[in-house]
Amino acid sequence: MRPVSLALLLLLSLLGIAPADAADRDVLKKFGMLGTTAVNCAAPPSPSNPYVIFAVSPQGKATRTLKMMDPGLDATLAIRNLRLLAPDTLQFNETGRQSELTITLVKIAGKFRSWRSVRADGTVLIADGKFPKTEKPTLAFTFCR
């Protein structure tokens, strides 16, 4: 097993990808979210049709970019510690605008939804796929091909 591990590390170093960064890319690919998602991929970004782009830079930094056609809401945010909790559940940490967040996404019938979002201070922003203050469900996103 050791020669295989060494060979993998050598390959990753030749490609300029650190093992943790390669793992983030692999987790996003396995979950089906490396790239662009939208409520409706055929329509442009708008407040009712936000786009979310998951990417890993050539330097190996994972990000989540929000495009909502509102300059106050559009952002590219650093994400890390990507992990599959189950085949249909992805969790990661994000450096948000106001605080650190732990975000959980689920895949239901081929669509992606924010399932849980919690600030570092324990404030719950999304619970069980709904916004607690309004009980309104989160949007369902499709992977754009």
Side-chain angles (χ1 to χ4, degrees), residues 1 4-5 8-9 11-145:
M1 181 69 177
V4 171
S5 297
L8 179 59
L9 286 173
L11 175 64
L12 291 173
S13 67
L14 290 173
L15 295 174
I17 301 172
D21 301 333
D24 287 348
R25 182 183 312 277
D26 290 343
V27 169
L28 285 171
K29 282 177 87 171
K30 188 172 185 176
F31 193 64
M33 288 196 80
L34 184 59
T36 302
T37 63
V39 173
N40 178 357
C41 296
S46 69
S48 62
N49 187 43
Y51 277 50
V52 179
I53 303 162
F54 286 87
V56 179
S57 73
Q59 296 77 28
K61 302 298 180 193
T63 58
R64 181 171 79 127
T65 299
L66 310 172
K67 291 190 177 250
M68 300 182 209
M69 296 303 292
D70 179 343
L73 297 176
D74 290 359
T76 297
L77 306 164
I79 59 175
R80 66 197 172 289
N81 302 325
L82 286 89
R83 56 216 174 263
L84 286 175
L85 301 180
D88 62 349
T89 308
L90 171 72
Q91 190 174 73
F92 57 88
N93 298 95
E94 178 177 276
T95 303
R97 293 178 184 97
Q98 298 176 346
S99 68
E100 292 293 312
L101 301 166
T102 299
I103 297 172
T104 305
L105 305 176
V106 297
K107 190 179 342 180
I108 302 171
K111 295 192 181 249
F112 304 98
R113 290 187 53 209
S114 293
W115 198 251
R116 185 164 177 78
S117 182
V118 181
R119 285 191 178 141
D121 69 4
T123 303
V124 176
L125 304 175
I126 297 170
D128 299 325
K130 296 178 184 174
F131 296 96
K133 291 181 181 178
T134 63
E135 289 296 310
K136 184 177 178 180
T138 58
L139 296 173
F141 288 77
T142 300
F143 186 75
C144 301
R145 304 207 183 279

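Residues L125 and V118 have side chains not in contact (no heavy-atom distance under 4.5 Å, counting atoms from C-beta outward). K67 has its side chain within reach of I53: a pair of non-hydrogen atoms, C-beta onward, lies under 4.5 Å apart. Two residues are said to be in side-chain contact when any heavy atoms from C-beta on lie closer than 4.5 Å; L77 and L66 meet this criterion. Under the 4.5 Å side-chain criterion, counting only non-hydrogen atoms from C-beta, F131 is in contact with T138. By the 4.5 Å heavy-atom criterion applied to side chains, P50 and V39 are counted as neighbours. Counting heavy atoms from C-beta outward, F92 and L82 have side chains that approach closer than 4.5 Å. Side-chain contact check for L139 versus R113: every heavy-atom pair is 4.5 Å or farther apart.
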For V27 and R83: C-alpha separation, side-chain torsions, deciding distance, then whether side chain to side chain contact (heavy atoms under 4.5 Å, CB included) applies. CA-CA 7 Å; V27 169; R83 56 216 174 263; 5.8 Å; no
Check the pair L90, V106 against side chain to side chain contact (heavy atoms under 4.5 Å, CB included), reporting the backbone distance first and the verdict last. CA-CA 6 Å; L90 171 72; V106 297; over 6 Å; no
Between V56 and K61, is a side chain to side chain contact (heavy atoms under 4.5 Å, CB included) present by the stated rule, with each step listed? CA-CA 5 Å; V56 179; K61 302 298 180 193; over 6 Å; no
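The shortest heavy-atom contact between L101 and S117 is CD2-OG, 4.3 Å. Residues S99 and A120 come closest through the heavy atom pair OG-N, 4.5 Å.
Listed by first and then second residue, the disulfide bond (SG atoms under 2.5 Å apart) pairs that reach into residues 68-123 come to none, sequence neighbours excluded. For the disulfide bond (SG atoms under 2.5 Å apart) condition, the pairs that include at least one residue of residues 54-145, sequence neighbours left out, are C41-C144.
Here CD1 of I103 is found 8.5 Å from CG of N93. Values are rounded to the nearest 0.5 Å. Annotation: the span from L105 atom CG to L85 atom CG amounts to 10.0 Å, rounded to 0.5 Å. Annotation: the span from E135 atom CD to K130 atom NZ amounts to 5.5 Å, rounded to 0.5 Å. With values rounded to the nearest 0.5 angstrom, I79 atom CD1 is found 6.5 Å from T63 atom OG1.
Side-chain N/O atoms of T76 and T65 include a donor and acceptor closer than 3.5 Å. Between R119 and Q98, the side chains place a donor N or O and an acceptor N or O closer than 3.5 Å (distance only, hydrogens not considered). At a cut-off of 3.5 Å, with distance as the only test, no side-chain donor of R116 or T102 sits close to an acceptor on the other residue.
K111 forms no cation-pi arrangement with F141, by the criterion of a distance under 6.0 Å to the ring centre and an angle within 45° of the ring axis.
Within the 3.5 Å criterion, the main-chain N or O of M68 finds a donor-acceptor partner in the side chain of D74. Remark: side-chain polar atoms of R25 are not paired, donor with acceptor, to backbone N or O of A55 under 3.5 angstrom. The closest donor-acceptor contact from the side chain of N49 to the backbone of N40 lies under 3.5 Å.
Not less than 6.0 angstrom separates the ring centroid of F54 from the ring centroid of F31.
Applying the salt bridge (Lys or Arg N to Asp or Glu O under 4.0 Å) rule to R64 yields the partners E94; only residues at least two apart in sequence or on another chain are considered.
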